[in-house]
Structures are given as structure tokens and as C-alpha cells.
**Q** 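A single structure is presented below for examination.
Scope of the values below: all heavy atoms of this structure, side chains included, with no hydrogens, waters or symmetry mates. Atoms within a ligand are numbered from 1 in the order they appear, just like the ligands themselves.
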Amino acid sequence: MNTTQSIVFLRGAKTVLRPIEISDVPLLTKWINDPDVRMYLQTNKPMSEIAERKWVESLADGKGGIALLITTYTGVPIGVMGLHDINHIDGTATTGAMIGEKRYWGKGYGSDAKRALLAYAFETLNLRKICSRVYAFNTRSIAYSRKCGYVDDGVQHKHVFRNGEYHDVVQLAIFKDEWLKMRQRARTSRRSR
Ligand SMILES: CC(C)(COP(=O)(O)OP(=O)(O)OC[C@H]1O[C@@H](n2cnc3c(N)ncnc32)[C@H](O)[C@@H]1OP(=O)(O)O)[C@@H](O)C(=O)NCCC(=O)NCCS
């Protein structure tokens, strides 16, 4: 394991989240250009390594919000997750995520990383409401957010054009109060086992 792989910023039950490095740029470029992945993302233009490198540099300057690389416990890089549009007056932010290694989809890695990020957002950054915008056809993403405690927060009807059709954008959100209650319930049920 090299030094980058051993860096830990947040620890989930099966994932580690660490800062993104320039050495991650080739992987990020592979993931974000993959048609099976980008159909769920806002980006729909080709992304070069130069463009990805600039994004990584903007994170280092503190201009691009917070984004972290998700790895497995054995150090395999599998995706990216972040907090954007952080507003410390309103106490809000938006989460974005991409598991680029498709063989890891649907195995609990995304929701594990998301819970670690939510704990950081609420219990370290003292944010109040974390939002997520998901295309209505992205049922896996809606399911994983709900699993983490997100609830409906509105719909933008026929808002985006993808694969030749207009689609709704589902807005989901989780409030700090609800997050803390969920954490407490999980701790109580672990203790009573
Ligand atoms: C969305 C994403 C981050 C979720 O991460 P993940 O590791 O795949 O999600 P998890 O395995 O933690 O949870 C997925 C849940 O959806 C369910 N699920 C899996 N495939 C599904 C599908 N096609 N439709 C509905 N639900 C599905 C799973 O059963 C699981 O719920 P369960 O654990 O209660 O059974 C990841 O799949 C991804 O990056 N996808 C491509 C890019 C993307 O969609 N990004 C998000 C943009 S808003």
C-alpha cells in the first residue's frame, strides 16, 4: 500500500474517504467519461485529464467544495463523493456521488460512504440540511439516499433532457435532527442485541 492509499479522512464500516490527489486524475477521467456512469450525472461533455486536473486543483484551493475519494478497506479506489454549495448561513449543502467502478454498485459501498459523509456534515461542519438532486430514472441512487435517511423534498417536473427524453428531477433531503435520531436508534438497537 502506498502513502496515498493509507491516508484516512473519514472511515465508514466498509469504506474509507480520503482527499483526492493529482495521481487519481486518470481514474477520475475514466469514471466520468463512462456512458453508463455519466448518464446519471450533470456532466455530458467529454472530460479530459486536463479538465479533471483543474477540478482537483480547485478542491485544493478550497473553491470546489469538499470532495473525497472512496476506497474499500483494502485500498481499492471505487468512486468519489462530495459536499457542494456549502452555505454556512443557511446550514445547507448538496451531496454528489459517483461509484465509478461499476462492479461495486448495489453492494452497500455508496450508502456506507454517504453515512460517513453525513456524520461529517452534521457533526463536524454543523450543517443543518443536506440535499440531493437525482434524475427520476436513477432508482438505485434514490434507494441508496432513502436508505441513509433522505426524504422527499420536491420534484422538478420534466427538468432535464437525457437519452432523447425529458425527465423529472427528484429532490431529496435529510435534516440534522432526523440524522441524530437515526444514529441514536442505531446505537440503542446495537446495545440491546
Ligand atoms: C448511486 C450510487 C452512488 C449508489 O451507490 P451503491 O453503492 O450502488 O448503493 P448501495 O449499494 O449502498 O445502495 C443501493 C440500494 O439500491 C438498491 N438497488 C440496487 N440497484 C437498484 C436498482 N436498479 N433500482 C432500485 N434499487 C436498486 C439496492 O438494493 C440497495 O438497497 P438495499 O441495500 O436496501 O438493498 C452508485 O450506484 C453510483 O455511483 N451510480 C452511478 C452514478 C450515480 O448514479 N450517481 C448519483 C447521481 S445522483
Side-chain angles (χ1 to χ4, degrees), residues 9-18 20 24 27-47 52 55 64-86 92-121 129-163 165-174 178-179 182-183 185-186 189:
F9 183 70
L10 299 173
R11 206 187 294 277
K14 58 194 288 183
T15 56
V16 163
L17 288 89
R18 63 157 174 83
I20 298 175
D24 297 316
L27 257 186
L28 298 176
T29 311
K30 184 187 106 172
W31 293 338
I32 204 151
N33 284 289
D34 183 335
D36 298 339
V37 176
R38 71 177 153 77
M39 64 180 279
Y40 299 114
L41 308 178
Q42 275 181 32
T43 157
N44 45 25
K45 297 210 173 104
M47 291 293 284
E52 280 300 302
W55 177 67
I66 292 168
L68 294 156
L69 201 93
I70 310 169
T71 75
T72 64
Y73 258 29
T74 53
V76 181
I78 60 168
V80 181
M81 189 168 279
L83 285 171
H84 312 285
D85 305 323
I86 299 173
T92 53
T94 303
T95 41
M98 159 180 85
I99 305 264
E101 294 300 330
K102 294 178 278 186
R103 65 185 180 282
Y104 287 89
W105 285 0
K107 294 184 177 161
Y109 288 93
S111 44
D112 183 67
K114 178 87 117 190
R115 286 191 194 100
L117 187 68
L118 288 173
Y120 172 68
K129 179 183 181 186
I130 306 295
C131 307
S132 180
R133 298 179 78 249
V134 189
Y135 303 149
F137 59 82
N138 194 353
T139 47
R140 187 187 306 105
S141 182
I142 293 171
Y144 110 111
S145 291
R146 288 198 200 288
K147 227 169 101 178
C148 295
Y150 285 70
V151 294
D152 292 343
D153 198 32
V155 175
Q156 289 178 297
H157 294 283
K158 300 208 182 296
H159 194 71
V160 290
F161 189 69
R162 291 287 180 285
N163 303 322
E165 284 178 72
Y166 289 98
H167 298 272
D168 293 352
V169 173
V170 178
Q171 303 188 129
L172 300 160
I174 176 165
E178 283 308 313
W179 165 260
M182 265 179 48
R183 293 268 282 192
R185 281 197 296 271
S189 90

**Q** Looking at S111, which atoms of ligand 1 are within less than 4.0 Å of one of its heavy atoms?
**A**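 Answer for ligand 1: 10 (P), 12 (O).
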
**Q** With heavy-atom distances below 4.0 Å as the criterion, list the atoms of ligand 1 near G108.
**A** 10 (P), 11 (O), 12 (O)

**Q** Check whether any N or O atom of G110, backbone or side chain, sits under 3.5 Å from an N or O atom of ligand 1, and answer yes or no.
**A**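 So ligand 1 has an N or O lying under 3.5 Å from an N or O of G110.
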
**Q** Counting non-hydrogen protein atoms only, what is the nearest one to atom 41 (C) of ligand 1? Give residue, atom name and distance.
**A**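 Nearest neighbour among protein heavy atoms for atom 41 (C) of ligand 1, to 0.1 Å: W105 CZ2, 3.5 Å.
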
**Q** Using a cut-off of 6.0 Å, state whether more than 12 heavy atoms not belonging to K14 lie near its atom NZ.
**A**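 Buried by this count: over 12 neighbours within 6.0 Å.
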
**Q** Backbone or side chain, does any N or O of K107 fall under 3.5 Å from an N or O of ligand 1?
**A**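 Yes, since at least one N or O of K107 sits under 3.5 Å from an N or O of ligand 1.
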
**Q** I'd like to know if the side chain of D112 and the backbone of T15 have a donor-acceptor N/O pair within less than 3.5 Å.
**A** yes

**Q** Looking at R38 and N33, would you say the former's side chain and the latter's main chain have a donor-acceptor pair under 3.5 Å?
**A**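 Checking the backbone N and O of N33 against the side chain of R38, a donor-acceptor pair under 3.5 Å is found.
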
**Q** Quick one: nearest non-hydrogen protein atom to atom 15 (C) of ligand 1, plus distance?
**A** A143 CB, 3.9 Å

**Q** Run the side chain to side chain contact (heavy atoms under 4.5 Å, CB included) check on D24 and R18 step by step: do they pass?
**A** CA-CA 11 Å; D24 297 316; R18 63 157 174 83; 3.0 Å; yes

**Q** Check each atom of ligand 1 against the heavy atoms of R133 and keep those under 4.0 Å away; list them by number with element.
**A** 48 (S)

**Q** Does a donor on one side chain and an acceptor on the other come within less than 3.5 Å for T95 and Y150?
**A** yes

**Q** To the nearest 0.1 Å, how far is atom 34 (O) of ligand 1 from its closest protein heavy atom, and which atom is that?
**A**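 For this ligand atom, the closest protein heavy atom is K147 CD, 3.4 Å.
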
**Q** What residue and heavy atom of the protein are closest to atom 22 (C) of ligand 1, and at what distance?
**A**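 Sorting protein heavy atoms by distance from atom 22 (C) of ligand 1 puts T139 OG1, 3.8 Å first.
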
**Q** When you measure from atom 46 (C) of ligand 1 to each heavy atom in A97, G79, G106, C148, which option holds the nearest one?
**A** A97

**Q** Measure the spacing between OH of Y144 and CZ of R115 and express it to the nearest 0.5 Å.
**A**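 The OH atom of Y144 sits 11.0 Å away from the CZ atom of R115.
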
**Q** Can you tell me which residue and heavy atom of the protein come closest to atom 43 (C) of ligand 1, and the distance to 0.1 Å?
**A** Y40 CB, 3.6 Å

**Q** What I want to know is whether S141 and ligand 1 share at least one N or O pair that is separated by under 3.5 angstrom.
**A** no

**Q** Can the ring centroids of H167 and F137 be said to lie less than 6.0 angstrom from one another?
**A** yes

**Q** Where is the nearest protein heavy atom to atom 18 (N) of ligand 1: which residue, which atom, and how far?
**A** R140 CG, 3.9 Å

**Q** If you look at every heavy atom in A93 and L83, which pair is closest and at what distance?
**A**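 Smallest heavy-atom distance, with atoms named: CB-CD2, 4.1 Å.
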
**Q** For M98, take its heavy atoms, then give the atoms of ligand 1 lying under 4.0 Å from any of them.
**A**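 Counting atoms of ligand 1 from 1, those under 4.0 Å from M98 are 39 (O).
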
**Q** Hey, is ligand 1 close enough to N138 that some N/O pair sits below 3.5 Å?
**A** yes

**Q** Among all protein heavy atoms, pick out the one at the shortest distance from atom 36 (C) of ligand 1; state its residue, atom name and that distance to 0.1 Å.
**A** I99 CG1, 3.8 Å

**Q** I'd like to know if R146 pairs up with D152 as an ion pair, taking the criterion as any Lys NZ or Arg NE/NH1/NH2 lying under 4.0 Å from an Asp or Glu carboxylate oxygen.
**A**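 Salt bridge between R146 and D152, a charged N being under 4.0 Å from a carboxylate O: yes.
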
**Q** Would you call E101-K30 a salt bridge at under 4.0 Å N-O?
**A** yes

**Q** Please report whether atom 29 (O) of ligand 1 has a protein non-hydrogen atom at a separation of less than 4.0 Å.
**A** no

**Q** Based purely on interatomic distance, does Y144 place a nitrogen or oxygen under 3.5 Å from a nitrogen or oxygen of ligand 1?
**A** no

**Q** Would the number of heavy atoms belonging to other residues, nucleotides or ligands and lying under 6.0 Å from CZ of R11 be above 12?
**A** no

